[in-house]
Amino acid sequence: MTGSLRGAVAIVGIGETHYYRHGQSPDAEFKLALQSVLNACEDAGMDPREVDGFASFSDDRNDPPRLAAALGLPELRFSNMQWGGGGGGGSGAVGNAAAAIATGYADCVVVFRSLAQGQFGRFGQGPRVPRVRGRNAFTVPYGLMSPAQAFAMRVQRLFHDRGVSPDTQKAVSLAAYHHAQQNSRAVMHGRPLSGEDYDNSRWIVEPFRLFDCCLENDGAAALVLVPAERAKDFRHAPAYILGVATGVPERAAASAHNAPDYATSNFKTVAPRMYEMARMSAADVDVAQVYENFTGGVVMSIIEHGFCTYEEANDFIRYENLVAPDGRLPINTSGGNLAECYMHGLELQIESVRQIRGQSPNPVPGADVHLIASGPMVEPVSGMLLGSEATL
């Protein structure tokens, strides 16, 4: 494939701060960003002053020139933000950083995301503004305001039109909480979830119960990317970028819930391009980290990435198939957005790197190929495949 990033760039450092519940960070958001970058450089065994680029997503408030000044970088050569899509930009930001390295714009790029929702406002609430405009003007006056409400409608359509059972959502939630119990970093570590607990939890908006919804957290995460030829010079086994893609299908962002394909996670056109770059298919994937804004989006994503059909979903998306180490498709092995933390999904990339290194709290033996699906049901979405050296 012309212009492929396959095997050209590697992740050699990962860093994160402590993950706090919403509003509980004692540090400013900018300080959290700096700490995650420093932790990622320390993990790689490199001087932070080797960094010459930054990439982020979803309107991150922490300006790269300011980060460069605080870190003492001699030069900033690349600064990039993935537009729109909330957590849909997580893999896209990594792709942007990798493209910058592969084309010579920079030599060492840090992808980061920093959130202090307690200092700036909560994602889970409706807009708190004196007036609304654009597509919100079609919904907010009628009480359809929050992300949970908007995405619930799309998932209800999936269940109605395709015969997919809401029990698939329960399986996703139970798997995430199961994995979090082995992860001491997870916000929900020490708080196991049973099937009965799930069934008895309150409705947020049908078909989402409390445990179908992502957490709200403060913290920061970062990844260090370098050219593949330098990857073995660092402290840990590198994770190589095999494929990355971003985008949405035709008219996916049509106003007032009027997209021609409504019950979709928006990966139907993105996933094939990601697989094409990687020269792989769903059959090659060993572990998946799938962004959970809401569990219904994970169900859609599993189907749209080719792991099962709509008709097979009720049999495939079951708890025993989703848990490490022996499930057919272990997912969100750190606990994910539901039970580890909500760092706009960038913690999913970190967990994939840990799996490749053998450092995951829920390791899957012999897992060489890892899928990260960022931001189902938003516009745009993005996805990536990471691999060990054995995949090159």
Legend entry - Close side-chain approach of L73 and D52, heavy atoms under 4.5 Å: no
Legend entry - Expected output: side-chain D218 to main-chain Q24 donor-acceptor under 3.5 Å: yes
Legend entry - Geometric cation-pi criterion, R113 with F57: 6.0 Å, 45°: yes
Legend entry - Side-chain touch P48/L38, heavy atoms, less than 4.5 angstrom: yes
Inset, instruction - Say whether V381 and M300 are linked into one hydrophobic cluster, either directly or through other cluster members, by side-chain heavy-atom distances under 4.5 angstrom. - result: yes
Inset, instruction - Please work out which of the three classes, parallel, tilted or perpendicular, describes the rings of H178 and Y319, given edges at 30° and 60°. - result: perpendicular
Legend entry - Spatial distance of atom CG (N332) from atom CG (N337) [nearest 0.5 Å]: 7.5 Å
Legend entry - Pair D368, S388: side-chain N/O donor-acceptor within cut-off below 3.5 Å: yes
Inset, instruction - Quick one: pull up CG in L32 and CD in E16 and give me the separation to the nearest 0.5 Å. - result: 12.5 Å
Inset, instruction - State whether a side-chain donor-acceptor pair under 3.5 Å links Q35 with D27. - result: no
Inset, instruction - Supply the atom-to-atom distance S301 OG to N266 CG, rounded to the nearest 0.5 angstrom. - result: 9.0 Å
Inset, instruction - Identify the heavy atoms of A148 and I204 that sit nearest to each other, and give their distance. - result: CB-CG2, 4.1 Å
Inset, instruction - Measure the shortest side-chain to side-chain distance between V224 and I11 over non-hydrogen atoms and say whether it is less than 4.5 angstrom. - result: no
Inset, instruction - Report yes if the distance between the aromatic ring centroids of H344 and Y342 is under 6.0 Å, otherwise no. - result: yes
Legend entry - H18 ring center near Y20 ring center (under 6.0 Å): yes
Legend entry - Straight-line distance of N200 CG to L210 CG, nearest 0.5 Å: 12.0 Å
Legend entry - T246 side chain to S382 side chain, donor-acceptor N/O pair below 3.5 angstrom: no
Legend entry - Any side-chain donor near an acceptor of the partner, S334 and E347, under 3.5 Å: no
Inset, instruction - Spell out, yes or no, whether M277 and L225 are grouped together once hydrophobic residues are joined by side-chain heavy atoms under 4.5 Å, including indirect joins. - result: yes
Inset, instruction - Provide the closest heavy-atom pair for F267 versus P272 in the form atom of the first, atom of the second, distance. - result: O-CD, 3.9 Å
Inset, instruction - State, yes or no, whether a side-chain contact exists between P361 and R185 at a heavy-atom distance under 4.5 Å. - result: yes
Inset, instruction - Assess whether atom CZ of F316 is packed by more than 12 heavy atoms of other residues, nucleotides or ligands within 6.0 Å. - result: yes
Inset, instruction - Indicate whether the side chain of N39 and that of S36 have a donor and an acceptor atom separated by less than 3.5 Å. - result: no
Inset, instruction - Could you tell me whether F54 and F78 have their ring centroids closer than 6.0 angstrom? - result: no
Legend entry - Co-membership, hydrophobic cluster, residues F30 and M81, 4.5 Å side-chain: no
Inset, instruction - Look at E320 together with R328 and state whether they make a salt bridge at an N to O cut-off of under 4.0 Å. - result: no
Inset, instruction - Please tell me if the side chains of L338 and T295 come closer than 4.5 Å, counting only heavy atoms from C-beta onward. - result: yes
Inset, instruction - Verify the cluster assignment for V287 and L346: are they in a single hydrophobic cluster under the rule of side-chain heavy atoms below 4.5 Å apart? - result: no
Inset, instruction - State whether D107 and R77 are salt-bridged, where the test is any N-O pair (Lys NZ or Arg NE/NH1/NH2 against Asp/Glu carboxylate O) under 4.0 Å. - result: yes
Inset, instruction - Test N183 against every option in E351, R354, E340, H189 by the side chain to side chain donor-acceptor pair (under 3.5 Å) rule and name the one that passes. - result: E340
Inset, instruction - Answer with yes or no whether the hydrophobic clustering places V140 together with L144; edges join I, L, V, M, F, W, Y residues whose side-chain heavy atoms lie under 4.5 Å apart. - result: no
Inset, instruction - Would you please test D199 and K170 for salt bridge (charged side-chain N to carboxylate O under 4.0 Å, His left out) and show each step? - result: CA-CA 8 Å; D199 291 337; K170 179 179 178 179; 3.0 Å; yes
Legend entry - Heavy-atom pair with the smallest gap, counting every atom of Y19 and G219: CD2-CA, 4.4 Å
Inset, instruction - Ignoring hydrogens and angles, state whether a donor on the side chain of S58 or Q82 is under 3.5 Å from an acceptor on the partner side chain. - result: no
Inset, instruction - Please lay out, stage by stage, how L158 and V299 fare under the test side-chain contact (heavy atoms from CB on, under 4.5 Å). - result: CA-CA 10 Å; L158 171 77; V299 173; 4.2 Å; yes
Inset, instruction - Locate the shortest heavy-atom distance separating S91 from I372; write the atom from each residue and the value. - result: OG-O, 3.6 Å
Inset, instruction - Would you please test N217 and H22 for side-chain contact (heavy atoms from CB on, under 4.5 Å) and show each step? - result: CA-CA 4 Å; N217 299 114; H22 164 266; over 6 Å; no
Inset, instruction - Could you grab the distance from atom OG1 of T333 to atom NE2 of H179, nearest 0.5 Å is fine? - result: 6.0 Å
Inset, instruction - Verify the distance criterion only: is there a donor paired with an acceptor across the side chains of D43 and H236 at less than 3.5 Å? - result: yes
Inset, instruction - Decide whether D212 and Y198 meet the rule of one side-chain donor and one side-chain acceptor closer than 3.5 Å. - result: yes
Inset, instruction - Of all the heavy-atom pairs spanning V187 and C341, show the shortest one and how long it is. - result: CG2-CB, 4.3 Å
Inset, instruction - Identify the two heavy atoms, one from I350 and one from A222, that lie closest to each other, and give their separation to 0.1 Å. - result: CD1-O, 4.0 Å
Legend entry - side-chain contact (heavy atoms from CB on, under 4.5 Å) evaluation trace for K232 with E389: CA-CA 10 Å; K232 293 183 181 180; E389 185 179 6; 2.5 Å; yes
Inset, instruction - Would you indicate whether R49, at its atom CZ, is surrounded by more than 12 heavy atoms from other residues, nucleotides or ligands within a distance under 6.0 Å? - result: no
Legend entry - Side chain proximity check, L223 to V94, heavy atoms < 4.5 angstrom: yes
Legend entry - Side-chain heavy-atom pair V51, V109 within 4.5 angstrom cut-off: no
Inset, instruction - Please identify each residue that fulfils side chain to side chain contact (heavy atoms under 4.5 Å, CB included) with A283, with sequence neighbours left out. - result: S281
Inset, instruction - Check the pair K268 / E250 against salt bridge (charged side-chain N to carboxylate O under 4.0 Å, His left out), numbers first and verdict last. - result: CA-CA 10 Å; K268 291 181 181 178; E250 179 186 11; over 6 Å; no
Inset, instruction - Report the C-alpha distance between R235 and E42 in whole Å, list the side-chain angles of each, state the deciding distance to 0.1 Å, and finish with yes or no for salt bridge (charged side-chain N to carboxylate O under 4.0 Å, His left out). - result: CA-CA 9 Å; R235 183 171 288 164; E42 170 62 24; 3.5 Å; yes
Inset, instruction - Could you check if a side-chain atom of L385 sits within less than 4.5 angstrom of a side-chain atom of V285, using non-hydrogen atoms only? - result: yes
Inset, instruction - Could you give me the CA-CA distance, side-chain angles and deciding distance for R357 and V353, then say whether side-chain contact (heavy atoms from CB on, under 4.5 Å) is met? - result: CA-CA 6 Å; R357 293 178 177 181; V353 174; 3.6 Å; yes
Legend entry - Heavy atoms of other groups near W83 CH2, more than 12 under 6.0 Å: no
Legend entry - Name of the residue among L392, D284, L371, L386 meeting side chain to side chain contact (heavy atoms under 4.5 Å, CB included) with L242: L392
Inset, instruction - Verify whether one side chain among E304 and S265 offers a donor that lies under 3.5 Å from an acceptor in the other. - result: yes
Inset, instruction - Any chance you could measure D60, atom CG, to S114, atom OG, to the nearest 0.5 Å? - result: 6.0 Å
Inset, instruction - Could you label the plane-to-plane angle of the H257 and Y262 rings as parallel, tilted or perpendicular, counting under 30° as parallel and over 60° as perpendicular? - result: perpendicular
